[in-house]
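Computation of the quantities below employed the complete heavy-atom set of this structure, encompassing side-chain atoms and omitting hydrogens, waters and symmetry-equivalent molecules. The chains referred to below are lettered A, B, ... by the order of the sequence lines, with proteins before strands, and numbering in each begins at 1.
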There are 2 protein chains.
Amino acid sequence: MPRIIIVEDDIYLREELIHTFQKAKYDAIGLSEFENVEDHLMKQKPDLVILDVNLPGKTGYELCKSLKVKSSFPILILTARDTLSDELTALGLGADDFLTKPCHPDRLLARTERLLQTYGKMRSILQIGAVSLDTDTYKLVFLDKVLILSETEGKIMKLLMEQFPSAVEKSELFRNVWGTEEFVDENILQVNMSRLRKNLSDFGMDGIIRNIRGKGYVLEVDGL
Amino acid sequence: MPRIIIVEDDIYLREELIHTFQKAKYDAIGLSEFENVEDHLMKQKPDLVILDVNLPGKTGYELCKSLKVKSSFPILILTARDTLSDELTALGLGADDFLTKPCHPDRLLARTERLLQTYGKMRSILQIGAVSLDTDTYKLVFLDKVLILSETEGKIMKLLMEQFPSAVEKSELFRNVWGTEEFVDENILQVNMSRLRKNLSDFGMDGIIRNIRGKGYVLEVDGL
DNA sequence: ATACCACTTACATCTCTTGTAAGGTTTCCT
DNA sequence: AGGAAACCTTACAAGAGATGTAAGTGGTAT
C-alpha cells in the first residue's frame with residue numbers, strides 16, 4: 001500500500017484529498033504542521049507527495065526544490081494558481097506533475113497512479129542532486145557516467161547517501177556493513193574508505209567524503 | 001542530443017512541432033509513414049515519443065499500448081480530444097503524459113524535458129512486459145523480485161531481450177558475448193544457456209528461453 | 001538406426017573482493 | 001615544539017564467485 005503524504009493547509013480540502021486516496025487503497029497521510037515540513041515529510045518515508053503552493057511558511061515551490069535534491073519520490077503539485085508560468089516554475093524545480101484546483105478525483109488518481117508506476121522501477125535508487133545509487137547493484141550514476149561499486153564500498157556509500165546531509169557515525173557503519181557494533185579493528189573501515197574515495201575520485205567525485213574526527217563521515221555534495 | 005519522434009498525421013502541425021523541438025536543441029524527427037509505425041519507430045531508437053490519437057490506421061491509443069509492452073522510452077500523448085475520459089484512457093494505457101491541442105510550446109517543452117529527466121535514470125533498462133533488465137549491472141526485475149545475473153548470463157539475456165520477439169542466432173551470440181564469430185566450441189554457449197535457464201527457472205521464469213534447432217534461441221514471454 | 005544437435009554436471013582456473021598487516025600522515029593538545 | 005591519537009595509504013594473501021573445459025547423457029530429424 002503506497003504511502004501518499006498530502007501537504008495542504010486548507011483543512012477541508014486536505015480531508016477531502018485524504019478521503020479520496022484512502023478510498024483508492026492508499027495509505028494517505030495529511031500534514032497539519034507547517035513548521036519543519038521537510039523533516040516531518042522525510043520521516044514518513046513517502047512513496048509520493050502532493051504539494052500545495054500557497055503554504056504558511058515555506059512555499060510549495062521552495063519545498064519542492066529542496067526535497068528533490070535529497071529524495072527520490074515523485075512530487076505532484078496541486079494548486080489554484082493556473083498560469084503557464086506557475087506550471088513552468090513547478091516543472092523547472094523538478095516537480096513530476098502539475099495539476100490545478102479544482103481537480104477531478106479521477107484525474108488526480110490517474111496521474112498519481114502513473115507516477116507511482118514510473119517510480120516503482122526506481123524503488124531501489126537513492127538520489128542526491130546529480131548523483132544516484134542503485135542499492136541493489138551499487139551502480140553509481142553521475143553526469144551520464146556509470147561506476148559499479150563493490151559490495152562493501154557500495155554499502156558504505158548507501159549509508160552516507162541515506163543519512164545525507166547528516167554524518168554517519170563509525171559505530172553505525174560497523175553495524176550496517178560488518179554486522180557488529182564492536183569495531184575491534186578500525187583499520188578495516190579506513191581501508192575501505194580509502195578504496196571508496198579512490199574510486200570516487202577517479203570517477204570525478206573528488207573529496208566528497210569528509211571525515212569528522214572521532215565521530216564518523218559525511219557526504220559533501222555542495223559542488224555537484 | 002535526445003531524439004524525439006513525432007507521430008502526427010497533420011503535416012502542418014507536425015512541421016511546427018519538429019521546428020519547436022529542433023529550436024530547443026532536440027533531434028526531432030517526424031514520421032510521415034503510417035503503415036508499420038511501430039517498426040519504423042523502434043528502428044529510430046527514440047528517447048521520447050509524441051503521439052497523436054487520431055491517426056490513419058492504428059489509433060494512438062493502440063500504438064501506445066503495444067509500444068509500452070516492449071519499450072522503455074516515455075510517451076507523451078498530444079490530442080485535440082480533451083475529455084477526462086480520453087485522459088484516463090491514455091494514462092491507463094501507460095502514457096506518461098497527456099496534453100491537449102492547442103498546446104503552448106513552452107508547456108510542451110517543459111513536460112518533455114521533465115519526462116526525459118525522469119527516464120534519464122533508466123536509460124540502460126530494457127523492458128519487456130513485466131520483466132526489466134539493467135544492461136549495466138544485469139539486474140533482472142520481475143514481479144518485485146530482483147535477480148542479479150553474472151556477466152556472461154547477463155549479456156545473453158540482454159541480446160535475447162533486445163531482439164525480442166525475433167530469435168537470436170548462435171553466431172550473433174558468439175560475436176556479442178565472446179567477441180568471435182567463429183564458435184569453435186559450441187559447448188560454451190550451451191553451458192551458459194543451461195546456467196541462465198536454471199537461474200531464471202529458480203526465479204519464476206521457467207521455460208522462457210526456447211531453442212531453435214540449428215539456428216539459435218528466442219525469448220518466449222507469452223505468459224508473463 | 002544413426003548422426004547431429006542440445007543439455008547437464010563436475011572440476012580446475014582465473015579474477016575480483018575482502019581483510020590483515022605495516023608504515024606514513026595529519027590533527028590536536030599540552 | 002613534541003608526542004599521542006586518529007586517520008590514511010599501500011601491499012599482500014586468503015577467499016568467493018564466475019568462467020571455460022571436459023565428458024557424458026538425452027533428444028530429434030532423416
**Q** Do NZ/NE/NH1/NH2 and the carboxylate oxygens of A/Lys170 and A/Glu186 come within less than 4.0 Å?
**A** yes
**Q** Please report the distance, rounded to the nearest Å, between CD in B/Gln190 and P in D/dT21.
**A** 13 Å
**Q** Between A/Ser194 and D/dT9, is there a contact of a side-chain N or O with OP1 or OP2 at under 4.0 Å?
**A** yes
**Q** Nearest whole Å is fine: how far is D/dC7 P from A/Phe174 CZ?
**A** 10 Å
**Q** Nucleotides 27-30 of chain D: which of its N/O atoms have a protein N/O under 3.5 Å away?
**A**
| from | atom 1 | to | atom 2 | distance (Å) |
| --- | --- | --- | --- | --- |
| D/dG27 | N2 | B/Arg213 | NH2 | 3.1 |

**Q** Is any side-chain N of the basic residue among A/Asp202 and A/Lys198 closer than 4.0 Å to the acidic one's carboxylate O?
**A** yes
**Q** Tell me whether the side-chain N/O atoms of B/Trp178 come closer than 4.0 Å to OP1 or OP2 in D/dG20.
**A** yes
**Q** Round to a whole Å and report the spacing from NZ of A/Lys198 to C1' of D/dA11.
**A** 14 Å
**Q** How long is the line joining CG of A/Leu196 and P of D/dC8, in whole Å?
**A** 12 Å
**Q** Figure out the CZ/C1' separation between B/Arg195 and D/dT21, and round it to whole Å.
**A** 10 Å
**Q** Among B/Ile148, B/Asp136, B/Val146, which one satisfies side chain to side chain contact (heavy atoms under 4.5 Å, CB included) with A/Thr137?
**A** B/Ile148
**Q** So, B/Ser71 side chain and B/Leu67 main chain: donor-acceptor pair closer than 3.5 Å or not?
**A** yes
**Q** So that I can tick it off, tell me whether A/Arg123 and B/Asp144 are bridged by a salt bridge, with the cut-off set at under 4.0 angstrom between side-chain N and carboxylate O.
**A** yes
**Q** Under a 3.5 Å cutoff, is there a donor and acceptor pairing between the side chains of B/Ser72 and A/Lys121?
**A** no
**Q** One thing to verify: whether A/Asp206 and A/Arg197 come together as a salt bridge, which I'm taking to mean a side-chain N less than 4.0 angstrom from a carboxylate O.
**A** no
**Q** Identify each atom pair where a protein N or O and an N or O of nucleotides 13-15 of chain D are less than 3.5 Å apart, giving names and distance.
**A**
none

**Q** Of A/Arg197 and B/Asn187, whose closest DNA chain D nucleotide lies nearer the 5' terminus?
**A** A/Arg197
**Q** Please report, rounded to the nearest Å, how far the P atom of D/dA22 is from the CD atom of B/Glu186.
**A** 16 Å
**Q** By nearest nucleotide on DNA chain C, pick out whichever of A/Glu151 and A/Val191 is the more 5' one.
**A** A/Glu151
**Q** Within the structure, does a side-chain N or O atom of B/Ser150 lie under 4.0 Å from either OP1 or OP2 of D/dT19?
**A** yes
**Q** CG of A/Asn211 versus P of D/dA5: gap in Å, rounded?
**A** 17 Å
**Q** Go through it in stages, so that I can follow the logic: the residues are A/Asp96 and A/Tyr119, the test is side-chain hydrogen bond (donor to acceptor under 3.5 Å, both in side chains), and I'd like the CA-CA distance, side-chain angles, deciding distance and then a yes or no.
**A** CA-CA 10 Å; A/Asp96 293 272; A/Tyr119 274 73; 2.5 Å; yes
**Q** For DNA chain C, which nucleotides open and close the run of contacts to chain A, 5' to 3', at under 4.0 angstrom from a non-hydrogen atom?
**A** C/dT17 to C/dC28
**Q** Between B/Thr135 and B/Lys155, do the side chains contain a donor N or O and an acceptor N or O under 3.5 Å apart?
**A** no
**Q** Counting just side-chain N and O atoms, does A/Lys170 come under 4.0 Å of either OP1 or OP2 of D/dA6?
**A** no
**Q** Check this for me: does any side-chain nitrogen of one of A/Asp134 and A/Lys158 sit under 4.0 Å from a carboxylate oxygen of the other?
**A** no
**Q** Counting N and O atoms only, with roles assigned by atom type, does the side chain of A/Arg114 sit under 3.5 Å from a partner on the main chain of B/Gly92, one being a donor and the other an acceptor?
**A** no
**Q** Send over the distance from A/Arg210 CZ to D/dC7 P, rounded to a whole Å.
**A** 13 Å
**Q** In Å, rounded to the nearest 0.5 Å, how long is the span from CG of B/Leu78 to OG1 of B/Thr112?
**A** 9.0 Å
